[in-house]
*Asks:* 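Right, I'll just put the structure down here and ask away after.
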Amino acid sequence: MVTALIVGAGAVGQVYGHFLQRGGASVSYFIKQKYKEQCEQGFTLYRCRRSGLGGPEQFQADGVYTEFEELKQQHFDQVWLTVSSADLRGEWLQQLKAAVGDATIVMLQPDLDDRDYIYSVFPQQQVVCGIVNFISYQTPLPDLPDYHPDAQKHGVAYLVLPMMPAEFSGSQQRLPPVMEAMASGRFNVRVERDASRIYADRSAMMIPLVALLELENWSFQKLTLSGSLELAVGAAQEALAIVAAKFGKRLNWTERLFSLFWVKMALPVMRFLSPMDAESYVKFQFVKTAPQTRMMLQHFIEDGEKLGRSTQSLQALYKRLPDQPDMKRAA
């Protein structure tokens, strides 16, 4: 039996824990003390469908820990990092290393520099890189009216994106057990040569648009009509070029075709196909992770300047965001 420790019990961590346990793994959580009682009560998830949320899927963690000393008394085969890129930084990662020993570290963070940061703490051969291929959020969303049939469904809702398997990359020794643990829970997975590059590409296209959506008060209509949409698309194109330079690979055809025209075409379609209120979801999700959005933009700018790439649009967009933290790039 695989013993897995999930670091963070947010919406992402709960979905991974659910599928790992469904595949036969023993699943424990490492969280802050203030969340312990809530996590010990168990988790309830709902799968998103076009007609609304499905029935409750409940599971109980095999262990809930809040102290590093507690972890030292346990053995874990895999440690899944499900915290945000911003929360990943800090001395706690070194403490985690001392507590979990040789366990395989599964990183799921989307920032351009996250892998380098993880590698500065854990040996590269110990790390498996993964891409989150689902949308998950606390339900009900704040804007959901009381009369909606899903208004009384409390827990985490998740949508596994069709035709988008969860992609992982890593060493021949570490990767197969991670893939098997997820596949055993009937979770669609695929091996990639470099999952971090793919994740960085997707972040490069998405994060500038999220930043502009925040500036447009989370309205998709305002975003589509915004006079700054061209700036955001330009920032995304700069970010894609920076990712390509950092990883030493050319832009693929999708990245080369990324343009203002296709963004304007895609936005209404995405909103129409979404089984949940897209505006409510995006606002709820990215208001919480605003520090991550700002950090990711700043890392694109810093890496772009080091690589001699244009960052003009990225900088212009970043300067428009309110409450920019004075962040320094992690060593």
Side-chain angles (χ1 to χ4, degrees), residues 8-15 44-50 52-53 82-87 108-111 132-161 199 202-229 231-233 235-236 239 263-298 300 314 317-325 327:
V12 171
Q14 289 186 39
V15 173
T44 302
L45 284 77
Y46 303 90
R47 190 158 191 158
C48 290
R49 307 184 188 280
R50 289 296 300 174
L53 300 181
T82 67
V83 298
S84 72
S85 294
D87 291 334
L108 301 157
Q109 287 70 33
D111 181 63
V132 177
N133 72 323
F134 55 83
I135 294 171
S136 58
Y137 58 93
Q138 296 289 333
T139 182
L141 289 169
D143 298 331
L144 197 68
D146 293 339
Y147 58 79
H148 194 283
D150 292 336
Q152 303 306 315
K153 294 182 177 180
H154 295 268
V156 165
Y158 70 95
L159 170 67
V160 178
L161 301 176
Y199 217 173
R202 294 175 186 173
S203 297
M205 289 184 275
M206 182 182 71
I207 291 300
L209 295 175
V210 169
L212 181 58
L213 194 56
E214 178 182 343
L215 292 172
E216 297 296 349
N217 199 29
W218 308 105
S219 167
F220 276 81
Q221 182 177 10
K222 290 182 179 179
L223 175 67
T224 305
L225 300 174
S226 174
S228 298
L229 183 57
L231 172 66
V233 172
V263 169
K264 285 188 173 182
M265 291 287 289
L267 284 173
V269 175
M270 291 171 57
R271 186 179 179 187
F272 173 76
L273 292 178
S274 174
M276 77 287 288
D277 185 320
E279 289 182 349
S280 294
Y281 162 72
V282 171
K283 180 180 179 180
F284 180 71
Q285 176 66 25
F286 288 102
V287 166
K288 292 191 303 180
T289 58
Q292 176 174 278
T293 299
R294 287 151 174 76
M295 186 183 77
M296 292 175 73
L297 284 174
Q298 189 176 51
F300 281 126
L314 281 164
L317 181 62
Y318 180 78
K319 289 176 181 178
R320 294 187 184 185
L321 289 172
D323 304 322
Q324 298 150 324
M327 293 183 177

*Asks:* Return the set of residues passing side-chain contact (heavy atoms from CB on, under 4.5 Å) with Ala290 (not counting sequence neighbours), or none when no residue passes.
*Replies:* Arg294
*Asks:* Side-chain contact, heavy-atom cut-off 4.5 Å: Phe220 with Val282?
*Replies:* yes
*Asks:* Who are the side-chain hydrogen bond (donor to acceptor under 3.5 Å, both in side chains) partners of Thr289, not counting sequence neighbours?
*Replies:* none
*Asks:* Set out, in order, the CA-CA distance, both residues' side-chain angles and the distance that settles side chain to side chain contact (heavy atoms under 4.5 Å, CB included) for Leu159 and Phe134, then state yes or no.
*Replies:* CA-CA 5 Å; Leu159 170 67; Phe134 55 83; 6.0 Å; no
*Asks:* To the closest 0.5 Å, what do you measure between OG (Ser219) and CG (Leu213)?
*Replies:* 7.5 Å
*Asks:* Would you check if Phe286 and Met206 make a side-chain contact, meaning some heavy-atom pair closer than 4.5 Å?
*Replies:* yes
*Asks:* Apply side-chain hydrogen bond (donor to acceptor under 3.5 Å, both in side chains) to Asn133 and list each qualifying residue two or more places apart in sequence or on a separate chain.
*Replies:* none
*Asks:* Restricting to non-hydrogen atoms, name the atom on Val83 and the atom on Gln109 that form the minimum distance, rounded to 0.1 Å.
*Replies:* O-NE2, 2.8 Å
*Asks:* Side-chain donor-acceptor contacts of residues 140-148 below 3.5 Å, not counting sequence neighbours, with atom names and distances?
*Replies:*
| from | atom 1 | to | atom 2 | distance (Å) |
| --- | --- | --- | --- | --- |
| Asp143 | OD2 | Ser280 | OG | 3.2 |
| His148 | ND1 | Asp150 | N | 3.0 |

*Asks:* Please evaluate residues Arg47 and Tyr158 with respect to the criterion side chain to side chain contact (heavy atoms under 4.5 Å, CB included), reporting the C-alpha separation (whole Å), side-chain torsions for both, the decisive distance (0.1 Å), and the verdict.
*Replies:* CA-CA 5 Å; Arg47 190 158 191 158; Tyr158 70 95; 3.7 Å; yes
*Asks:* Considering residues at least two apart in sequence or located in another chain, which fulfil the side-chain contact (heavy atoms from CB on, under 4.5 Å) criterion with Ala235?
*Replies:* Pro208, Ser313, Leu314, Leu317
*Asks:* Look only at the side chain of Ser136 and the backbone of Ala157, and say whether a donor-acceptor pair between them is shorter than 3.5 Å.
*Replies:* no
*Asks:* Cys48 and Tyr137: which non-hydrogen atoms are nearest, and at how many Å?
*Replies:* SG-OH, 3.6 Å
*Asks:* How long is the straight-line distance from OG of Ser84 back to CD of Gln292, given to the nearest 0.5 Å?
*Replies:* 5.0 Å
*Asks:* If you round to the nearest 0.5 Å, how far is CD of Gln298 from CG of Asp111?
*Replies:* 10.0 Å
*Asks:* Residues two or more places apart in sequence or in another chain: which of them pass side-chain hydrogen bond (donor to acceptor under 3.5 Å, both in side chains) with Tyr199?
*Replies:* none
*Asks:* Hey, which of Gln285, Gln14, His154 is the one that makes side-chain contact (heavy atoms from CB on, under 4.5 Å) with Gln138?
*Replies:* Gln14
*Asks:* Testing the 3.5 Å rule here: is there a donor-acceptor pair between the side chains of Glu216 and Ser226?
*Replies:* yes
*Asks:* Would you name the heavy atoms of Thr139 and Leu53 that are closest together and state the gap between them?
*Replies:* OG1-CD1, 3.6 Å
*Asks:* Measure the spacing between OH of Tyr281 and NZ of Lys283 and express it to the nearest 0.5 Å.
*Replies:* 15.5 Å
*Asks:* Taking it one step at a time, do Arg320 and Leu231 satisfy side chain to side chain contact (heavy atoms under 4.5 Å, CB included)?
*Replies:* CA-CA 11 Å; Arg320 294 187 184 185; Leu231 172 66; 3.6 Å; yes
*Asks:* Can you confirm whether more than 12 heavy atoms, excluding those of Lys264, are under 6.0 Å from its NZ atom?
*Replies:* no
*Asks:* Nearest 0.5 Å please: distance from the OH atom of Tyr46 over to the NZ atom of Lys153.
*Replies:* 7.0 Å
*Asks:* For Leu321 versus Ala211, what's the shortest heavy-atom pair and its separation?
*Replies:* CD2-O, 3.7 Å
*Asks:* Is any side-chain heavy atom of Val156 closer than 4.5 Å to a side-chain heavy atom of Thr44?
*Replies:* no
*Asks:* If I take atom CG from residue Leu212 and atom CH2 from residue Trp218, how far apart are they, to the nearest 0.5 angstrom?
*Replies:* 10.0 Å
*Asks:* Testing the basics here: between Pro275 and Arg49, what is the closest heavy-atom pair and its distance to 0.1 Å?
*Replies:* CB-O, 3.6 Å
*Asks:* Determine the minimum heavy-atom distance between Leu223 and Leu209, stating which atoms define it.
*Replies:* CD1-O, 4.3 Å
